[in-house]
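Labels below follow one simple rule: chain letters A, B, ... track the order of the sequence lines, proteins then strands, and each chain is numbered from 1.
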Amino acid sequence: MNKQLKDNLITYGIIIAFYAIMQTLSATGSLSSLFKGLLVPVCVYTIMAVSLNLTVGILGELSLGHAGFMCIGAFVSAFFSMCLKNSGMNSIVRFIIAILLGALVSAVFGVLIGIPVLRLRGDYLAIVTLAFGEIIKNIVNVLYIGKDENGMHLSFTDTASLNMSADGEVIVKGPQGITGIPNDSTFTIGIIVLLLTIAIVINFVNSRSGRAVMAIRDNRIAAESVGINISKYKLMAFAISASMAGAAGALYSHNLNNLMAQPKNFGYNMSIMILVYVVLGGIGRIRGSIIAAAILTVLPELLRGFSDYRMLIYSIVLIVMMLFNCAPAALELREKYSLKRLFGKKLKKEEA
Amino acid sequence: MAMLDVTGLGISFGGLRAVDDFSLKIEKGELYGLIGPNGAGKTTVFNLLTGVYKPSDGVIILDGKNITGQKTTQINKEGIARTFQNIRLFKELTVLDNVKVGLHNDYPYSTIAGILRLPSYRKQEAIMKEKAMELLKVFDLDKECDYLASNLPYGKQRKLEIARALATNPKLLLLDEPAAGMNPNETKELMETIRLIRDKFDMTILLIEHDMKLVSGICEELTVLNFGQVLAQGKTSDVLNNPDVIKAYLGDD
Ligand SMILES: Nc1ncnc2c1ncn2[C@@H]1O[C@H](COP(=O)(O)OP(=O)(O)OP(=O)(O)O)[C@@H](O)[C@H]1O
Ligand SMILES: [Mg+2]
């Protein structure tokens, strides 16, 4: 078995083990309701971190508006579910379509932003995505969409200007967002989407397209010299990354009754937060992103009990993670005592 | 018909005429040398041939096809591959993957096939690996196939660049100072390898070198460039005995 395959199996293994433990704990009733409430968000933010790592670590471009793609996925999927809420469609089928739709629309926006920006050299993507995230959030806040027997009505001012008939329903209500979204998100679906996300990223990276993306990241001029189409592969990686954020958004919105676009969930501080997960987990390292996102999503909630020391402990954890992942001495230590090495040694002994 | 036929090539950077009225004809299977003092414009010629810079004058014909003004990516597909004076490897990729990137356009399974690991992915990846390993073996790099490219010693990085260029299956191979920074032993070995590539792959090779002795050892014909202009051109022995060439090199020292 080669090193890469082993590495990937460990990643899948960690997630499946986490799922099994949580399901057992929850079945035996030993999981607090606080912790239960965190299970879907953990899936959402790990998917966000993995997908951003595709842009930052594999493609090597800085994106500061990843929450914007999540916002698009959240609203598009929630809108879809609201439209079909009373159609009698199976809720799981409806949710799967909602996730795919959220992912697709996010990918389209990824392409629209990527086409002009990814052609430029330099950190333009960071600036444009930052602006994009804020614009999306603000547009959603003035967006009103209603549905009646005449079809859809759209307005950017208020509910009244939708000119709806009496029995029409307003679905998107500007700053109040979408209310009454069916709670289709479950921990199981979240884990499945997470596993799919990781499988897609890992398989992409190990295919010719992924290699082309990394070649461009490592040396653009050399990549051109061996016939790689730069724009095509940059755009592809960015669109895949955006679509995964869209899927995460769908999980997020179907975990709420009331979806609103606010600075704290879809603003640039959320984009930065996701970037922090990626950096702390190690740029380009998928498993690192997952672990960092999971720990840093759960930790602040678990620390609510120690409210006086909460931020202190949180900062210490951040610093420790940073040292663990980036300090040369720690890297050496990890190399020495890593699971891989221990496994590797065992295997060699068996061979001998 | 010549493999490469360049006439009247020229480019300026601001006021500097880096290459002026440059013409060159290379026959198929020929090992051709481009020499000249520092800053003569040799690398600029390579950049013009590969579309990194657009020539302001001149025509480039590759194997009967006009490729003047095309993009780098397209020119590689037409059949020109190169190495760089300042090594440009994909540093964070393995040695094997560096060569596989070179094979990219010959094994065009789709992205979806890659993500879903469809049979076309498995089949083509298996062939790619085999081809890449074959190439690495030519350069004695097969044992290091799992190393990161950046972890190779300098001399081997130069060889890996040549292997990657060959992987694109070119008609014409451009080598920019392939022996730079190598010790005399490594250089000798490299020259043997270059000759071997020419014979084994029936390759046409244009190479830039500083070391006159080395060039005279393997190149059948030479062009000497000085201040962007052709100073002398022809059979290696004739060129090296040309008084203008001797003067240019002595004056350079
Ligand atoms: N992109 C550029 N912009 C401006 N000037 C350039 C550029 N590229 C090359 N030059 C100039 O053109 C001239 C020729 O450079 P070039 O790199 O082709 O020389 P060279 O013969 O390869 O030299 P060396 O032996 O040092 O590699 C130099 O004066 C260089 O400064
Ligand atoms: Mg040069």
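Heavy atoms closer than 4.5 Å to chain B are found in both the backbone and the side chain of A/A223. Proximity to chain A (any heavy atom under 4.5 Å) is shown, for B/P170, by neither the backbone nor the side chain. Interface residue B/L89: only backbone heavy atoms are found under 4.5 Å from chain A. If you measure heavy-atom distances from A/I230 to chain B, you find no contacts under 4.5 Å at all. Contacts of B/Y107 with chain A are made by backbone atoms alone, with heavy-atom separations under 4.5 Å and no side-chain atom involved.
When each of A/I202, A/V205, A/N219, A/I216 is scored by its heavy-atom pairs under 4.5 Å with chain B, the top score falls to A/N219. For the options B/A167, B/G51, B/S110, B/P108, heavy-atom pairs under 4.5 Å to chain A are most numerous at B/P108. In terms of heavy-atom pairs under 4.5 Å with chain B, the best-connected choice from A/S207, A/S209, A/A215 is A/A215. The candidate with the highest count of non-hydrogen atom pairs below 4.5 Å against chain A, out of B/A81, B/G114, B/G102, is B/G114. Of all the listed residues (B/R88, B/K91, B/K71), the one sharing the greatest number of non-hydrogen pairs under 4.5 Å with chain A is B/R88. Contact count versus chain A (heavy atoms, under 4.5 Å) is highest, among B/V52, B/T168, B/V101, for B/V101. The candidate from B/E125, B/K77, B/M128 with the greatest count of non-hydrogen atom pairs under 4.5 Å with chain A is B/E125.
Here the side chains of A/I221 and B/F84 are in contact, with some heavy-atom distance below 4.5 Å. Between A/N229 and B/H104, every side-chain heavy-atom pair lies at or beyond the 4.5 Å cut-off. By the 4.5 Å heavy-atom criterion applied to side chains, B/Q124 and A/R208 are not counted as neighbours. Looking at heavy atoms from C-beta onward, B/F90 lies out of side-chain contact with A/M214 at the 4.5 angstrom threshold.
B/I112 CD1: 12 or fewer foreign heavy atoms inside a 6.0 Å radius. Counted within 6.0 Å of CZ on A/F18, heavy atoms from surrounding residues, nucleotides or ligands total more than 12; the atom is thus considered enclosed. Within a 6.0 Å sphere centred on NZ of B/K137, other residues, nucleotides and ligands contribute 12 heavy atoms or fewer. At most 12 heavy atoms of other shown residues, nucleotides or ligands fall within 6.0 angstrom of atom CG in B/D146. Summarising the local packing, CG of B/L16 is surrounded by more than 12 heavy atoms from other residues, nucleotides or ligands at distances under 6.0 Å.
Across B/R117 and A/N203, no two heavy atoms sit closer than the pair NH2-OD1, 3.0 Å.
The CD1 atom of A/I200 lies 8.0 Å from the CG atom of B/L116; values are rounded to the nearest 0.5 Å. A/I240 CD1 to B/T111 OG1: the interatomic distance, rounded to the nearest 0.5 Å, is 6.5 Å. Atom CG in B/L103 sits 8.5 Å away from atom CZ in A/R211 (nearest 0.5 Å). Put simply, OG on A/S225 and CZ on B/F46 are 12.0 Å apart, with the number rounded to the nearest 0.5 Å.
When the options B/T50, B/T72, B/N76 are evaluated for a side-chain contact (heavy atoms from CB on, under 4.5 Å) with A/E224, the one that passes is B/T72.
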